[in-house]
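Lettering follows sequence order; numbering is per chain, from 1.
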Amino acid sequence: TIVTQIRKMGSSCDWSREKYTLDEERNLAVNEMFRMMLEDGIIERGYRVVNWDPVFKTTLSDDEVVAQETTAQLLTFTYDADFPISIATTRAETKFGDVAVAVHPDDKRYKKYVGKTFEPVFCGKKLLIKIVADEAVDPNFGTGAVGVTPAHSMIDADIASRHNLESIQVIDQNAHMMNAGVSYNGLTTIEARKKIETELKKNGLLQKSETVPQNIPTAERGGGLVEQLPMRQWFIRVNKPFRLRQATLKKWKKGDRVTLKELMKEAVASTQIRILPNQFEKIYFHWIDHLRDWCISRQIWFGHRIPVWYRGEEIKFSIESPGAEWEQDPDTLDTWFSSGMWTFSTLGWPEQTQELKTYHPTAVLETGYDIIFFWVARMILMTVYALGEIPFHDVYLHGMVRDEQGRKMSKSLGNALDPLDLIPKYGTDAVRLSLLIGTTPGQDLKLSEEKIAGFRNFTNKLWNIGRFILMQIESSGTADTKTIADKWILARLTEVTASVTKKLEQYEFSSAGEELRDFTWSDLADWYLEIAKVEKGKADILKQILETILKLWHPFMPFITEQLRAMAEFSEPLIIAPWPLVKKEHAPKEFEKLRTLVSDMRRFRAEQKIEPAKRIRFSLCADQLLARFVTENIEWIKRLANAETIDLVNQIPGNWNSCATANGIIGLDLKQSADKSEHVKTERELKEITDYIQSLEQKLANQEFVSKAPARIIDGIKEKLTDAEVKRSALAKRIKLLNGQAE
RNA sequence: GGACGUUUAGCUCAGUUGGUUAGAGCGUUCGAUUCACAUUCGAAAGGUCGCAGGUUCGAAUCCUGCAACGUCCACCA
């Protein structure tokens with residue numbers, strides 16, 4: 001299903017190199033990695049406290065444990081009546097495994113007990129409790145004394161190792177009690193906890209029972225309560241120095257002693273790897289700082305076998321059975337062990353293949369921020385360790401796709417959108433656009449069908465633009481000279497090409513797509529193609545534009561663009577066609593003036609409630625330069641404004657309605673009188689423009705502003721002021737006119 | 001408890017190094033239908049830029065504090 005999804009989404013993968021994490025070649029690489037790490041002493045077998053999932057009956061790495069907020073009862077009590085120190089816990093059942101009580105070394109309350117040993121009877125079981133002093137204890141929390149349970153707490157195990165304490169397991173792999181005395185053995189942890197509280201209360205040992213907020217560890221996959229238990233497992237030691245097999249990361253030479261943590265840190269700290277957006281670098285470093293040894297053995301069937309064999313206490317690395325008397329380790333490796341090798345195990349490693357030389361390191365890893373620890377960090381660890389170089393230069397992290405209410409997509413909520421359902425409905429290109437445009441790197445994205453439908457409309461637009469241009473290419477010839485509109489669109493095309501290219505290089509996919517869309521829909525379709533219906537002879541230009549936008553759109557919309565390309569008979573498939581040339585050019589300003597003029601004319605007619613279909617007579621009072629451009633482009637301006645005529649005049653006839661704009665005054669021949677709302681509106685506009693002029697004048701009157709602001713800003717304001725004053729006088733004239741009509 | 005992110009139009013989000021009257025899409029309102037496209041076209045309305053201070057000639061943008069929401073990390077037993 002996943003492969004189908006990836007293919008349907010139009011991912012441009014090299015499918016000839018598709019690999020499977022559990023195939024034979026990958027197994028070879030995994031075994032080799034295990035052998036190397038074992039040899040270097042980084043992989044070790046040990047009896048330690050691990051995360052145990054009693055539901056799936058397997059160990060978990062720290063990253064697969066998820067804290068869940070609940071409340072718990074914090075009990076304050078003493079083991080028995082003769083024990084001099086009170087302790088507090090939310091997990092009373094583990095107290096059967098206590099071997100010590102730890103206090104802070106400076107805590108005067110308990111100084112006299114430190115070093116002494118007690119033999120209290122806790123709920124029927126005799127304990128051997130040593131009082132130890134340890135910096136890890138917070139004297140201000142609870143009673144300032146902690147019961148130490150080395151078998152069921154990683155931090156207690158640390159304390160125990162500092163004080164040479166033994167470890168007594170009291171919870172088994174089914175989360176049932178053991179070594180807890182006959183009345184407790186076999187109970188679940190929860191049952192035991194309740195029973196202990198009752199018993200302590202009955203014996204007058206319970207001093208306090210309060211409800212406190214608590215985070216309990218749960219399994220990421222099954223959701224079950226995770227127990228910390230001592231077990232014999234395989235670990236990758238992250239803080240243990242080893243000798244490098246080769247020069248590494250441009251910093252260390254062969255034979256230097258380093259730790260895996262140092263390797264992981266250096267790869268990013270040296271900027272050989274960039275993580276984008278870069279706030280995730282901080283998260284990455286923080287994770288490394290708190291990283292503990294990685295438990296890599298799992299008690300599940302699905303995975304790479306651990307390639308070691310046992311004969312009694314003897315351990316031997318071997319892929320094949322070394323003999324009948326040897327038994328293989330029944331466990332498998334954490335799936336991220338093999339996934340962490342992906343960037344090079346897929347290229348034939350440990351063989352020094354041509355592929356490895358050619359494609360490693362790769363340029364970009366693109367993935368979701370939720371697996372930065374599981375996968376990204378592990379790939380860096382594995383690659384730097386085994387090859388001495390980085391796996392990739394840039395890590396681009398995208399956000400999570402959420403539903404329209406911002407909730408995580410989940411099967412149980414039924415709010416998941418499957419691309420395979422969306423594609424037949426809206427088309428692949430529309431689905432792709434909805435994931436690209438309007439998203440920010442590393443930021444979650446709310447996806448809805450409405451949004452996809454919006455992009456479906458755009459794909460349809462592009463399709464029709466393509467069809468229209470193809471028709472034009474066939475039917476219209478090529479003119480000898482370029483019009484203002486031609487020069488403008490070609491300049492805009494190069495501008496947009498340069499800008500989009502730059503944005504793609506900087507991973508600004510959303511902004512690139514938005515700019516392309518605006519150009520395609522607005523500049524090209526709404527303006528230039530409309531003009532092309534009037535000004536004929538644009539076959540060559542249209543062809544050039546089509547070819548360029550198809551190339552620019554192709555990474556976003558591979559299907560529609562490629563189909564149009566084929567219809568246009570442009571020679572190369574877009575996926576291998578060269579990217580359009582990036583040139584520096586600026587769009588001529590004249591066209592923008594004409595475009596604004598047409599918009600103003602349209603707005604004026606709409607305000608005057610003139611039917612869009614009605615062709616009307618305009619007059620225009622403008623400066624000489626603009627008048628010349630209008631004359632040169634009169635045909636398409638008439639068409640786009642739906643004007644019958646546009647007369648260039650020195651003054652708008654007295655009985656016409658007029659409207660002041662930045663480009664002059666537009667007059668409208670209309671027998672029907674303007675309605676009252678126009679009067680009100682004009683008054684309002686006059687007030688707005690007067691206020692605006694005032695604010696500009698204030699700025700210019702401000703000595704500090706004039707002396708400190710850069711000249712271009714001041715000039716800009718002066719220019720605006722001139723324009724605004726022209727507009728104000730026109731509005732004033734118009735109000736006079738309207739008043740005159742009213743009389 | 002620590003860190004990070006978000007807060008801008010009814011909704012989803014842009015807003016580059018502080019500098020014109022803060023933008024887009026969707027939605028809304030008004031209007032348009034032979035002419036590539038109603039999956040369309042034209043026009044309009046709509047914003048105390050989360051709050052409070054500060055820096056500056058000038059703040060959505062920089063600084064400080066606060067609030068709400070979210071995420072990650074963290075074994076106060």
Between [M] and [N] - [atom1] atom distance, rounded Å:
N      : M      : atom1 : result
C51(B) : G46(B) : C1'   : 23 Å
A9(B)  : A24(B) : P     : 14 Å
C66(B) : C76(B) : P     : 24 Å
U8(B)  : A60(B) : P     : 15 Å

Check the side chains of [Y] and [X] for a donor-acceptor pair under 3.5 angstrom, ignoring hydrogens and angles.
X         : Y         : result
Ser499(A) : Glu515(A) : yes
Gln214(A) : Thr71(A)  : no
Asp289(A) : Tyr284(A) : no

Looking at the side chain of [X], which of [options] is the nearest nucleotide?
X         : options                : result
Asn464(A) : A36(B), U56(B), G19(B) : A36(B)
Lys282(A) : A36(B), A77(B), C4(B)  : C4(B)
Glu530(A) : C72(B), A36(B), G19(B) : A36(B)
Arg602(A) : G5(B), U21(B), A43(B)  : A43(B)
Val137(A) : C73(B), A77(B), A43(B) : A77(B)
Phe373(A) : C4(B), U6(B), C73(B)   : C73(B)
Ser599(A) : A43(B), A36(B), C57(B) : A43(B)
Ala606(A) : A43(B), C57(B), A77(B) : A43(B)
Arg517(A) : A24(B), A32(B), A36(B) : A24(B)
Phe141(A) : G42(B), A77(B), U71(B) : A77(B)

Could you identify the nucleotide paired to [N], looking across every strand shown and requiring Watson-Crick or G-U wobble geometry with both distances under 3.5 Å?
N      : result
U34(B) : none
G25(B) : C11(B)
C76(B) : none
A52(B) : U64(B)
G70(B) : C4(B)

Handout entry: Carboxylate-amine/guanidinium proximity below 4.0 Å for Asp600(A) and Arg603(A)
Key =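 So Asp600(A) pairs with Arg603(A) through a salt bridge.
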
Base, sugar-phosphate, or nothing for [X], non-hydrogen atoms under 4.0 angstrom?
X         : value
Trp521(A) : sugar-phosphate
Asn215(A) : base
Ile87(A)  : nothing
Lys720(A) : base
Ala453(A) : nothing
Arg407(A) : nothing
Arg467(A) : sugar-phosphate
Lys533(A) : base
Ala709(A) : base
Pro710(A) : base

Starting at atom [atom1] of [X], determine the distance to atom [atom2] of [N], rounded to an integer number of angstrom.
X         : N      : atom1 : atom2 : result
Leu546(A) : C37(B) : CG    : P     : 17 Å
Glu69(A)  : G70(B) : CD    : C1'   : 13 Å
Asp138(A) : A77(B) : CG    : P     : 11 Å
Ile452(A) : U39(B) : CD1   : P     : 18 Å
Asp518(A) : C13(B) : CG    : P     : 18 Å
Glu704(A) : G19(B) : CD    : P     : 19 Å
Glu64(A)  : C72(B) : CD    : P     : 16 Å
Ile372(A) : C4(B)  : CD1   : C1'   : 12 Å

Problem - Option from Leu291(A), Val50(A), Asn51(A), Asp293(A) for which side chain to side chain contact (heavy atoms under 4.5 Å, CB included) with Asp62(A) holds - result: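 Exactly one option meets the side chain to side chain contact (heavy atoms under 4.5 Å, CB included) with Asp62(A), and it is Asn51(A).
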
Practice task
Please state whether the rings of Phe458(A) and Trp521(A) are parallel, tilted or perpendicular, taking 30° and 60° as the class boundaries.
Solution key: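 Correct class here is tilted.
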
Handout entry: Candidate pair Phe83(A) and Phe77(A), rule ring-ring contact (aromatic ring centres under 6.0 Å, His included), full reasoning
Key = CA-CA 10 Å; Phe83(A) 195 76; Phe77(A) 61 96; 9.8 Å; no

Practice task
Could you please spell out the steps behind the salt bridge (Lys or Arg N to Asp or Glu O under 4.0 Å) verdict for Glu135(A) and Arg162(A)?
Solution key: CA-CA 11 Å; Glu135(A) 297 275 351; Arg162(A) 286 197 285 270; over 6 Å; no

Handout entry: Phosphate OP1/OP2 of U12(B): any Lys451(A) side-chain N/O under 4.0 Å
Key =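 For Lys451(A), the contact criterion (side-chain N or O under 4.0 Å from OP1 or OP2 of U12(B)) is not met.
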
